[in-house]
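Take a look at the structure below.
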Amino acid sequence: MQSFLSSRPTTEIAAALLGKQLRLQTASGPLTAWITETEAYLGANDAGAHAYQNHQTARNRVLWQPAGTIYIYQMRALYLLNLVTQVAGTPECVLIRGIEPASGVEQMQHNRPVPLANLTNGPGKLMQALGLDKTLNGQPLQKATLSLDLDHVRQPRQIIKSPRIGIVNKAEWTSAPLRFYVAGNPFVSKIGRKTIDSHTHGWQ
DNA sequence: AAAGTGATTGTCT
DNA sequence: GACAATCACTTTC
């Protein structure tokens, strides 16, 4: 898992995470979901990243930890989940922006009581559905209740690249194609109903 | 369907 | 005191 998150550029990792399974152990059983949407954040050179110019603060310091470290920070009243990539000292990460529930959907809907179509199609929404706050920040995936399952995977039929969401006034970094999502999947933020493939959800 | 607005709350200067 | 890797709701086309 550590090598999956460090053996190639972070952009490639962000794309390769699509279809991998996220697993959370809870008191009422496991919650699992396939990753449908990600964004790459490229560290010191990336004007849209928290680690831009290697500026370290209390909030972002776990970005300098090794691949597999969980980085969770608060945005307004919500929490956002990132997975740190690359070796220690290289502050890159991937933001998880969408997941498709696989098991434990009832628990997720209890945590976030909205229609299924609106349950996990956004970075703050999916954390509410999983019932997570920033407690896991700084923990390695290998030891946390949250983990990456590289064995139970689905294959995206097509991966779409686009600019990242919410990155404004950051010159070329605003339009850089660093967001990746499964074409046709309904659990992706800001996608039109027309583009959804309700039969396959974009999986092969 | 798209664009605009206000809520919300910690973080950083 | 300004601002943010969002969300839900309203307005408008």
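Residue numbers begin at 1 in each chain, while the letters A, B, ... track the order of the sequences. Because the structure is a prediction, the values reported are computed rather than measured.
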### Task
Could you tell me which residues satisfy side chain to side chain donor-acceptor pair (under 3.5 Å) with Thr174(A), sequence neighbours excluded, listed by chain and number?
none
### Task
Could I get the full list of salt bridge (charged side-chain N to carboxylate O under 4.0 Å, His left out) partners for Arg164(A), not counting sequence neighbours?
Asp46(A)
## Note on the structure
Closest of dT9(B), dA1(B), dC12(B) to the Ala77(A) side chain is dT9(B)
### Task
Write out all pairs satisfying salt bridge (charged side-chain N to carboxylate O under 4.0 Å, His left out) with one or both partners inside residues 177-204 of chain A, taking only residues at least two apart or from two chains.
Glu37(A)-Arg179(A)
Polar atom pairs (N or O), protein with nucleotides 2-4 of chain B, under 3.5 Å:
none

### Query
What residues, two or more places apart in sequence or in another chain, satisfy salt bridge (charged side-chain N to carboxylate O under 4.0 Å, His left out) together with Glu39(A)?
Arg97(A)
### Message
So, OP1 or OP2 of dC12(B): does either fall under 4.0 Å of a side-chain N or O from Thr57(A)?
### Response
yes
### salt bridge (charged side-chain N to carboxylate O under 4.0 Å, His left out) partners of residues 71-85 of chain A, not counting sequence neighbours, each pair once
none
### Query
Hey, is the side chain of Lys134(A) poking within less than 4.0 Å of OP1 or OP2 on dT9(B), counting only N and O atoms?
no
### Query
Once each nucleotide of nucleotides 4-13 of chain C is scored for protein heavy atoms under 4.0 Å, what B/S/- sequence comes out, 5' to 3'?
BBBSS-----
### Message
Which helical stems does DNA chain B take part in, if a stem means at least 3 consecutive Watson-Crick or G-U pairs with both distances below 3.5 Å?
### Response
B:1-7 with C:6-12, B:9-12 with C:1-4
### Query
Considering residues at least two apart in sequence or located in another chain, which fulfil the salt bridge (charged side-chain N to carboxylate O under 4.0 Å, His left out) criterion with Arg112(A)?
none
### Message
For Thr26(A), give me all partners under side chain to side chain donor-acceptor pair (under 3.5 Å), at least two apart in sequence or on another chain.
### Response
Ser28(A)
### Task
Would you please name every residue forming a side chain to side chain donor-acceptor pair (under 3.5 Å) with Lys20(A), sequence neighbours left out?
none
### Message
Taking only side-chain N and O atoms of His55(A), does any of them lie within less than 4.0 angstrom of OP1 or OP2 on dT11(B)?
### Response
no
### Query
Side chains of Asn185(A) and Trp34(A): donor-acceptor distance under 3.5 Å anywhere?
no
Using a 3.5 Å cut-off and no angle test, enumerate the donor-acceptor pairs between side-chain atoms of residues 81-94 of chain A and protein atoms at least two apart in sequence or in another chain.
from	atom 1	to	atom 2	distance (Å)
Asn82(A)	ND2	Tyr71(A)	O	3.2
Thr85(A)	OG1	Thr10(A)	OG1	2.8
Thr85(A)	OG1	Glu92(A)	O	3.4
Gln86(A)	NE2	Arg8(A)	O	2.8
Gln86(A)	NE2	Thr10(A)	OG1	3.1
Glu92(A)	OE1	Thr10(A)	OG1	2.6

